[in-house]
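Naming: A, B, ... by sequence-line order, numbering from 1 per chain.
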Amino acid sequence: MMEHKSSSNFLRNIILEDLKSGKADHVVTRFPPEPNGYLHIGHAKSIILNFELADEFKGKTHLRFDDTNPAKEDTEYVESIKEDVQWLGYQWDELFFASNYFEEMYNRALLLIKKGKAYVCDLNAEEIRKTRGSLTEPGQPSPWRERSVAENLELFEEMRSGAFKDGEKVLRAKIDMASPNINLRDPVLYRIAHASHHNTGDKWCIYPMYDFAHPLEDAIEGVTHSICTLEFEDHRPLYDWIVRECEMENVPHQYEFARLNLTNTVMSKRKLKQLVEEKIVDGWNDPRMPTISGLRRRGYTPEAMRNFAREIGVAKADSVVDTKMLEHFIREDLKLKAPRTMAVLKPIKVVITNYPEDQAEMLEAENNPENPEMGVRMIPFSREIYIEQDDFAENPPPKYHRLYLGNEVRLKNAYFIKCNGIVKDESGKVIELHCTYDPETKSGTGFTGRKVKGTIHWVDARQAAPAEFRLYEPLILENETDDGTSFLEHTNPHSLEIAHGFVEPTMKTSKSQDKFQFFRHGYFNVDPLHSSADHLVFNRIVSLKSSFELPK
RNA sequence: UCCGGGAUUGUGUAGUGGUAGCACGUGUGACUCUGAAUCACAUAGCCUAGGUUCGAAUCCUAGUCCCGGAGCCA
């Protein structure tokens, strides 16, 4: 399909100006996830932004794992992140791990110490917090702030060699305890953690903090435009300080944009993790999750996600994008790609009383009327078929165009049928319909003798394949409020509905991740985990829009 | 309260001194072997108040409201 062009945004304008003014003569961006969880659609926005910005200016984009905290990170996440980035359609020019720079970072820390810009502090976490001051009051200098360079050097080397326990000492930058920007009040640069790291193993027992590590990583890699989210805005002066004082050759610049929020969705790793751990969903790739792996399993395509990301734009104002926008782009992408087929989700049997019992025929059906190149298929038809329960009403509501006693409708790709009788069980529930068909009205014959208001879908009762359908509703009912309630109280108990019905016989050969439009229902994806040849499972990606609502 | 940001139709986003545009949504009609799609039309906006200017969403002044920041997390 045609890819949408993204509209102008402030980051593009900045790059344009930088190139024009000579502040930069090329562009290098990076996507720097911490491998401590799965990527979600908010990350997709960042990935698409970074890769496309670089691409537009013939630059490069690195994938860099920001793995400076061994306690939280794991190679499992490294692999899933790589997979998700590639699935989205991007290939990094370079793959880096921050942990591979640990020696370089250590040397830069040494430089800071020698310049009198960093010191080893013996205060514990609690004491550091207490002396940091508040939003309105300055902090107090640490009693260890004036240690000699020689002593600092010796102590820092001992920290590295494992002479101290976790938390016993830290390395701090010596900046300004009275700064109105709290990030500048002698921030911690290194902490001691006797933990083994997914990449460096037990080589290190001191690990750099984000504020120290990130600017160095960008500088080492020659990143020109370091794009991050708004909450790091306050860190920018520190970022610049580190690059300057560590005397880095390349000088990257940090720019911040607003993270993505979607209606009826939570987007923080912490909350998503909670949904997984409290078993509200079935893992990180549950089709209800806004994770890239969840959306993929639901049936979203990379094209739809890219077009969505381009359309929502990039800005600095906090915002919440309507999920309908995302849905629009998957419908648009699948419209010409997905074959149409008929599926009855909640079946009721119809007996066509004037159709000979021993007869059957094959009828031709277009695979996609909007895309004739997709050809045709043959579908079986005989005396007994299934239709959708909702397509029959004993007491039809106003403007009901479907089947009811005495009314005639078209069976898609087949004949007109008229309802003459209903069969009920002891409880009074309608369990079967008796109809008659008109052979004159066969689809494709150009019959114009009379018109019907409704066309309904169906499957042949003898040959249809049983199938399971998973219908999703938003996981979160209300958007976050400030009333102090946990978002878990707003989860939708009916976010998953499982239906059992039938699909056309040709669907038996469908493969994992195949996508279809079930006539009049919506777009569905073959579930990669639960579907098999003898037990078909389809995830509803998104329903079709409908201007008619059945009254409850 | 200190520091840093932000405010353009219902939602998201362009516009950087010269007709406020795009997308989604919503509504109406046409068409229809999908109550879909498509097509047509409609819908509605510059936070407030002053000022500069022939002319302000844009520049200036003063407000208002919203978001972020006090991890040895990122």
Subject >> Dot-bracket pairing map - RNA chain B, Watson-Crick plus G-U, both contacts under 3.5 Å, | cross-strand >> reply: .((((((..((((....[..))))((((((.......))))))...(((((..]....))))))))))).....
**OP:** Check every strand shown and say whether A:Gly444 touches a base, only sugar-phosphate, or nothing at a heavy-atom separation below 4.0 Å.
**Re:** base
Original post:
When you check the glycosidic angle of B:G6, does it come out syn, meaning within 90° of 0, or anti?
Top reply: anti
**OP:** Can you spot which of A:Phe102, A:Phe212, A:Trp204 makes a ring pair (Phe, Tyr, Trp, His ring centres under 6.0 Å) with A:Tyr190?
**Re:** A:Phe212
Original post:
Ignoring hydrogens and angles, are the base of B:G68 and the side chain of A:Asp234 linked by a donor-acceptor pair under 3.5 Å?
Top reply: yes
Original post:
With no hydrogens and no angle check, do the side chains of A:His62 and A:Glu217 hold a donor and an acceptor under 3.5 Å apart?
Top reply: no
**OP:** Name the closest nucleotide to the A:Asn69 side chain, picking from B:A74, B:G12, B:C2.
**Re:** B:A74
Subject >> Minimum-distance nucleotide to A:Lys316 side chain [options: B:G12, B:A74, B:G6] >> reply: B:G6
Original post:
Looking for any heavy atom pair under 4.0 Å, which part of the strands does A:Asn9 touch: base, sugar-phosphate only, or nothing?
Top reply: sugar-phosphate
Original post:
Between A:Ser547 and B:A36, does any side-chain N or O lie under 4.0 Å from OP1 or OP2?
Top reply: yes
Original post:
Between A:Thr455 and A:Leu135, which has a closest nucleotide on RNA chain B that is more 5'?
Top reply: A:Leu135
**OP:** Look at the side-chain N and O atoms of A:Lys545 and state whether any lies under 4.0 Å from the OP1 or OP2 oxygen of B:G25.
**Re:** yes
Original post:
For A:Val314, which contact category applies under a 4.0 Å heavy-atom criterion: base, sugar-phosphate, or nothing?
Top reply: sugar-phosphate
**OP:** Write down the distance between CZ (A:Arg340) and P (B:U34), rounded to a whole number of angstrom.
**Re:** 11 Å
**OP:** Quote, to the nearest angstrom, the P distance that separates B:U52 from B:G12.
**Re:** 35 Å
Original post:
Would one find a side-chain N or O of A:Lys335 under 4.0 angstrom from OP1 or OP2 of B:U38?
Top reply: yes
Subject >> Check ion pair A:Glu303-A:Lys337 (N to O, under 4.0 angstrom) >> reply: yes
**OP:** Check for a donor-acceptor pair, side chain of A:Asn407 on one end and backbone N or O of A:Arg402 on the other, with a separation under 3.5 Å.
**Re:** yes
Subject >> Protein-nucleotide distance (A:Asn183, atom CG; B:A74, atom P), rounded to Å >> reply: 13 Å
Original post:
Any side-chain donor-acceptor pair under 3.5 Å between A:Ser226 and A:Asp218?
Top reply: yes
Original post:
Does the pair A:Glu473/A:Arg540 count as a salt bridge with the N-to-O cut at 4.0 Å?
Top reply: yes
**OP:** Just call it for A:Arg402: base, sugar-phosphate, or nothing, with non-hydrogen atoms closer than 4.0 Å on any strand.
**Re:** base
Original post:
A:His235 near the nucleic acid: base, sugar-phosphate alone, or nothing, with a heavy-atom cut-off under 4.0 Å?
Top reply: base
Original post:
Atom CG of A:Leu326 to atom P of B:G25: distance rounded to whole Å?
Top reply: 12 Å
Original post:
Within the structure shown, what part of the strands sits under 4.0 Å from A:Ala125 by heavy-atom distance: base, sugar-phosphate, or nothing?
Top reply: base
Original post:
To the nearest angstrom, how far is A:Lys453 atom NZ from B:U34 atom C1'?
Top reply: 17 Å
**OP:** For A:Ile128, answer base if it contacts any base atom (sugar-phosphate contacts may also be present), sugar-phosphate if it contacts only those atoms, and nothing otherwise; contact means non-hydrogen atoms under 4.0 Å.
**Re:** base
Subject >> Polar side-chain atom of A:Gln254 near backbone of A:Phe232 as donor-acceptor pair, under 3.5 Å >> reply: yes
Original post:
Any side-chain N or O of A:Thr68 under 4.0 Å from OP1/OP2 of B:C73?
Top reply: no
Original post:
Any donor-acceptor pair under 3.5 Å joining the side chain of A:Gln517 to the base of B:U34?
Top reply: yes
Subject >> Pair A:Tyr38, A:Asp84: side-chain N/O donor-acceptor within cut-off below 3.5 Å >> reply: no
**OP:** Look at A:Arg191 and B:A74 and indicate whether a side-chain polar atom (N or O) is within less than 4.0 Å of OP1 or OP2.
**Re:** yes
Subject >> Atom-to-atom span, NE2 of A:His4 to P of B:C24 - whole angstrom >> reply: 8 Å
Subject >> Sugar-phosphate only, base, or nothing, as touched by A:Leu363 at under 4.0 Å among non-hydrogen atoms >> reply: nothing
Original post:
With a non-hydrogen cut-off below 4.0 angstrom, is A:Lys412 in contact with a base, only sugar-phosphate, or nothing?
Top reply: base
**OP:** Using a heavy-atom cut-off of under 4.0 Å over every strand shown, decide if A:Ser8 touches base, sugar-phosphate, or nothing.
**Re:** sugar-phosphate
Original post:
Within the pair A:Arg132 and B:G69, is there a side-chain N or O less than 4.0 Å away from OP1 or OP2?
Top reply: no
Original post:
Looking across every strand, which nucleic acid part, if any, lies under 4.0 Å from A:Phe65 by heavy atom: base, sugar-phosphate, or nothing?
Top reply: nothing
**OP:** Scan A:Lys399 against the nucleic acid and name what it touches under 4.0 Å (heavy atoms): base, sugar-phosphate only, or nothing.
**Re:** base
Subject >> Nearest-nucleotide comparison on RNA chain B, the residue closer to the 5′ end among A:Glu168 and A:Asn13 >> reply: A:Asn13
**OP:** For A:Tyr207, report the nucleic acid contact type (base, sugar-phosphate, nothing); a contact means any heavy atom under 4.0 Å.
**Re:** nothing
**OP:** Give one of base, sugar-phosphate or nothing for A:Asn124, where a contact means two heavy atoms less than 4.0 Å apart.
**Re:** base
Subject >> Short side-chain N/O contact to B:C24 OP1/OP2 from A:His328, under 4.0 Å >> reply: yes
**OP:** Check whether the aromatic ring of A:Tyr210 stacks on the base of B:A74, taking stacking as ring centres less than 5.5 Å apart and planes within 30° of each other.
**Re:** no
Original post:
Side-chain donor-acceptor pair under 3.5 Å between A:His328 and A:Glu311, yes or no?
Top reply: no
Original post:
Is the backbone of A:Asn152 close enough, under 3.5 Å, to the side chain of A:Arg147 for a donor and an acceptor to pair up by distance?
Top reply: no
